[in-house]
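All values below were derived from every heavy atom in this structure, side-chain atoms included, with hydrogens, water molecules and symmetry-related copies excluded. Lettering follows sequence order; numbering is per chain, from 1.
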Amino acid sequence: MSDVEMPLAVKHEQDETHVSSNPVTDDGNIDNSNSDSDTPLQKRKRPLARKNVIKEEDEDDEDIESSDSGAPFVKRTRPAVKRKSYNDDDSDNNGSYGSPSTSKKSSRSSTSLSDGQNDSSSDSDVPLAAKKKIVPAKSNGSAKKNGTNGTSRTKAVPKYKEESSESDSDTPLAKKTSTKKTAPAKSVAKSSATKVKKEPDTVSSHKAKASDNSKSKKRGKDEPDNKDKVKKVKKEEEEEEDPNAWWLNQNDNDNENEDDSVKWTTLHHNGVLFPPEYVPHGVKMKYDGKPITLAPEVEEVASFFAALLYTEHAENPTFQHNFFKDFKKIAKAHKTVPEITSFAKCDFTQIYDYFQLEKEKKKNITKEQKQAIKDEKQALDDQYGICYLDGRKEKVGNYRIEPPSLFRGRGKHPKTGCLKLRVQPEQVTLNLSKDAPIPKAPAGHKWAKIVHDDTKTWLATWKENVNDSFKYVFLAAGSSLKGQSDFKKFETARALKKEVANIRRGYMADLKDKKMFIRQRATALYLIDRLALRAGNEKGEDEADTVGCCSLRYEHVTLEKPNILHLDFLGKDSIRFQKTMEVDDQVFKNIRLFKREPAQEGDDLFDRLKTSELNKHLQSLMKGLTAKVFRTYNASFTFQDQLQKLTPKNGTVAEKLLAYNRANREVAVLCNHQRAVSKGHAAQMDKISDKIRAFKYQKMKLKRTILTLEPKLKKKRPELREPESDLEDDWIAEYETQLMEKEREKVRLKWEKENQKRKENKEKPMTEKELKDMLKEVDAREKELVKERKTGTVHGSKSATVEKCDAQLLKVDERIAATRTAMVDKEENKQTALGTSKINYIDPRISAAWCQKHDVPLEKIFTKTLRDKFKWAMTVDANWEF
DNA sequence: GCTGCCACTTAGCAAAGGCAGA
DNA sequence: TCTGCCTTTGCTAAGTGGCAGC
């Protein structure tokens, strides 16, 4: 089997590419004289229209219809921004790749497939499904019935009604809502429950599990502790009686066709929290070497930049350019003297230094001050951090209005550095139920609008000025609405699991379709499925140049005979996607066809395909299916598959966790979730190595003690004479010197502490001589160590016995193993971000079931926040399968 | 049928918090 | 108890995809 079938087998090289720097000229413009043509400020080359008729000499392609009846061949035009490959100066990476000319005339016939490649239409060639062992879900199928397949969505009629933006009530939220204890006739729990049905093995309770004593099988040494911990966590979390446990409160008789667009019946909240008004610090910036006085409004913007000095943002020419443009404007508006016209003459370091000082001060505040800050935060959380949805208390997520700042766009975002203005209450619309008291707007202000839209989950919204996009205040991740949404997402992915073999057969057949549009759709789907690519919607010219599958361009794809595909592009967040994989021969042929001359840099690879068309097709294959479901499905499937393969049956908890993280990592790699290697990574690794060496040293000493106690064991137990690896004589000598030095330091501290105590008790202090005597003991020990090194005999403590030493040896071995495991985990994890896939793509029920099955405490894999977010998933039993 | 708007999910980074070792 | 490092959380940017309106 070729590894083309397995997303995991994809070879990948990852890298991160970010902005390059161009100097900013005095007038605030970017000097491009030395840069390549890749600057975001330049126009992207408009793609040339490709010839309509494409002739392919390969027999399959000969009679492709040139004008798809289903898809009018109108070449789409993209924003006219010239886009050059971001990795122009990284040519080494591509040097060995097949040049675009490989896509020209090929002597290969369709039968010249690589070894093991079958006809793409055959079953054996159906990807993943056929190759991976797909275990049918053990559930009773209700998921399909309930999740996404069973309901027909009734179109929502938004119940919009505007009201006066004046606040009409001071009544505190809790007081008002507390009278509304009974759930409304159509509560979320009910309406959502119609889609979220009970699966017998899904809702078996943890309580039953907790009382199950059958798990008294042999445990690792650390496990009794863990068991207690599990119990403790379970108990704590069970004790928090959850009135929002919608997943337990499902009614089989609920009407499946019920309108699921209505999200709530009543919604009460306290509005949003605005950032405090700006308080000027009075620290002056320098202009042309001289301190200048700034109006508070100007000082605020200067401070935004000063706070970012020496960061990548402040070094980024686009950021500088955009900041300076806005800064100049605001400085002029406030008649700053002298007029600020040159970025190069601006010196923000004094403000930066002031912030550093403030940071230091903040570090050194008293306990009481810290507590006061904490209390203040708690009070705000109490006021704004909760709301009442259908009478039930729920957490609000981000109730703070985003403070003014400089927009920190990622990658080569053309607007990065622009001034993000302070949001006024007059821009903020609140969404709450008609019966809810309207929160008071800040003094002297009023709200933009008050709406009562029960089809929306947001509590507040406003428009930001930089990208003209909407911002929202939503419920927290652990809320019922978010939980139900998560549940639905994973149920759709599970539904895909049942359909995926058919869908794959379908798109593999479509790869040879006569219509170009269908071929492109099938090829794109193949890539989305195999490489977990994002859909790739079209983007505007005022956004960073990043792509997904449907927006891949000519220059992102390179082919290498016989069937190797290289992909290299910037994906979401300008994270580089760089992978090489073997692809199905027909996919290879198709991409070669799509890349045909006169296609050139800047041209779309899939010039007839849009994400909307792709998703429309997917909807026809399975209800609720979109491109992104493949990512969720493949992530969860891969995770479960890897967990099953990697988890050691009789391993320790540490070993099982290593397996868990490895499975998680496979998913993170599949989804291309990257992170920068932390600055201190190498030093941290060295530290762990030292720790292991120290353990080995202990082991060596114990072995020698045993042999000193029982010299006869030399023959019986030859392993006692074997030297420890990595323990050179020089290292041992140095280590022992360090040990003794630390010992002396300890003795001195002990002596000082004792004297301090005696002083307080008005007793006679210890003398210097006594200290010297104590230090002499250390000297004697050091001499002894030198002797031990020479002779190889170690006497150990007076009470030392062979049995005791053996027991200690065992313990040290365990510690070495655990530390090694942690070290391997850390090294393997340095470039990969596991969190994103864990939070968004991996069905949490897989983890919950795994924890139960392998007796691993849940809190080892999910933080409190995640346990809260996934509480709906924690009730599965050990045999639950995705 | 196309386009842009809107609502929501997904994403990495940086600050805050918490914990282990000194 | 303190310090420094690692983990967790908060923030907000950047995606996806449905749908209204032209």
**Student:** Answer yes or no: side-chain N or O of Lys572(A) and base N or O of dT10(B) forming a donor-acceptor pair under 3.5 Å.
**Tutor:** yes
**Student:** Check every atom of dG15(C), dG17(C), dT10(B) against the side chain of Lys539(A) and return the nucleotide holding the closest atom.
**Tutor:**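 Selected nucleotide: dG15(C).
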**Student:** Kindly say if Thr865(A) contacts the phosphate of dT9(C), meaning a side-chain N or O under 4.0 Å from OP1 or OP2.
**Tutor:** yes
**Student:** State whether Lys463(A) places a side-chain N or O below 4.0 Å from either non-bridging phosphate oxygen (OP1 or OP2) of dC5(B).
**Tutor:** no
**Student:** When you match Thr632(A) and Lys374(A) each to their closest nucleotide on DNA chain B, which lands nearer the 5' end?
**Tutor:** Thr632(A)
**Student:** Please determine, for the side chain of Ile575(A), which listed nucleotide (dT10(B), dG17(C), dG12(B)) has the closest atom?
**Tutor:**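 The closest nucleotide is dG12(B).
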**Student:** Output the single nucleotide from dA11(B), dT12(C), dA7(B) whose closest atom is nearest the side chain of Asn840(A).
**Tutor:**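 So the side chain of Asn840(A) is nearest to dA11(B).
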**Student:** OP1 or OP2 of dA11(B) versus the side-chain N and O atoms of Tyr841(A): is any pair under 4.0 Å?
**Tutor:**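 So the side-chain polar atoms of Tyr841(A) do come within 4.0 Å of the phosphate oxygens OP1 or OP2 of dA11(B), strictly under.
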**Student:** Salt bridge check, Lys361(A) against Glu358(A): does any charged N sit closer than 4.0 Å to a carboxylate O?
**Tutor:** yes
**Student:** For the side chain of Phe474(A), counting heavy atoms from C-beta on, which of dT10(B), dC8(B), dA11(B) is nearest?
**Tutor:** dC8(B)
**Student:** Are the charged groups of Lys420(A) and Glu464(A) less than 4.0 angstrom apart, N to O?
**Tutor:**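 Answer for the salt bridge query: no.
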**Student:** Taking for each residue the nucleotide of DNA chain B with the nearest heavy atom, is it Phe470(A) or Ser485(A) whose nucleotide lies nearer the 5' end?
**Tutor:**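 With Phe470(A) and Ser485(A) compared, the 5'-side residue is Phe470(A).
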**Student:** Think Gln619(A) has a side-chain N or O under 4.0 angstrom from the OP1 or OP2 of dG18(C)?
**Tutor:** yes
**Student:** Which nucleotide sits closest to the side chain of Ala833(A): dT9(C), dG12(B), dC8(B)?
**Tutor:**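 Given the options dT9(C), dG12(B), dC8(B), the side chain of Ala833(A) is closest to dG12(B).
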**Student:** For dC11(C), does either OP1 or OP2 sit under 4.0 Å from a side-chain N or O belonging to Arg400(A)?
**Tutor:** yes
**Student:** The side chain of Lys610(A) lies closest to which of these nucleotides: dT3(B), dC6(B), dT16(C)?
**Tutor:** dT3(B)
**Student:** Examine dA11(B): is either OP1 or OP2 under 4.0 Å from a nitrogen or oxygen in the side chain of Arg534(A)? Give yes or no.
**Tutor:**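 For Arg534(A), the contact criterion (side-chain N or O under 4.0 Å from OP1 or OP2 of dA11(B)) is met.
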**Student:** Nearest to the side chain of Phe407(A), heavy atoms from C-beta on, is which of dA13(C), dT10(B), dG17(C)?
**Tutor:**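 Selected nucleotide (nearest to the side chain): dA13(C).
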**Student:** Do any side-chain nitrogens or oxygens of Ser469(A) fall under 4.0 Å of OP1 or OP2 in dA13(C)?
**Tutor:** no
**Student:** So which atom in Tyr472(A) and which in Asn398(A) form the shortest heavy-atom distance, rounded to 0.1 Å?
**Tutor:** O-ND2, 3.0 Å
**Student:** Of Gly548(A) and Ser405(A), whose closest DNA chain C nucleotide lies nearer the 5' terminus?
**Tutor:** Ser405(A)
**Student:** Tell me whether the side-chain N/O atoms of Thr546(A) come closer than 4.0 Å to OP1 or OP2 in dA14(C).
**Tutor:**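 Indeed not, no polar side-chain atom of Thr546(A) lies that close.
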**Student:** Look at the side chain of Ser636(A) and the backbone N and O of Tyr633(A), then say whether any donor-acceptor pair between them is shorter than 3.5 Å.
**Tutor:**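 Here the side-chain-to-backbone pair does not exist.
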**Student:** Kindly point out which of dA11(B), dG18(C), dG17(C) is positioned nearest to the side chain of Lys628(A)?
**Tutor:** dG17(C)
**Student:** Pick the closest DNA chain C nucleotide for Thr863(A) and for Gly409(A) by heavy atoms, then say which residue is nearer the 5' end.
**Tutor:**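 This one resolves to Thr863(A).
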**Student:** Name the nucleic acid region contacted by Asn615(A), choosing base, sugar-phosphate or nothing; use a 4.0 angstrom heavy-atom cut-off, strictly under.
**Tutor:**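 Sugar-phosphate contact only - Asn615(A) comes under 4.0 Å of backbone atoms but never of a base.
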**Student:** Would you call Asp604(A) and Arg553(A) a salt bridge, using N to O less than 4.0 angstrom?
**Tutor:** no
**Student:** Measuring from the side chain of Ala627(A) (C-beta onward, heavy atoms only), which nucleotide among dG17(C), dC6(B), dC13(B) has the closest atom?
**Tutor:**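 The closest nucleotide is dG17(C).
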**Student:** Does the side chain of His413(A) get closer than 4.0 angstrom to OP1 or OP2 of dA13(C) through an N or O atom?
**Tutor:** no
**Student:** Tell me whether the OP1 or OP2 atom of dG17(C) has a side-chain N or O from Thr611(A) closer than 4.0 Å.
**Tutor:**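 Thr611(A) to dG17(C) OP1/OP2: no side-chain N or O under 4.0 Å.
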**Student:** Lys471(A) side chain: which of dG17(C), dT12(C), dC6(B) is closest?
**Tutor:**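 It is dT12(C).
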**Student:** Under the 3.5 angstrom rule, does the side chain of Lys412(A) hit a backbone N or O of Thr546(A) as a donor-acceptor pair?
**Tutor:** no
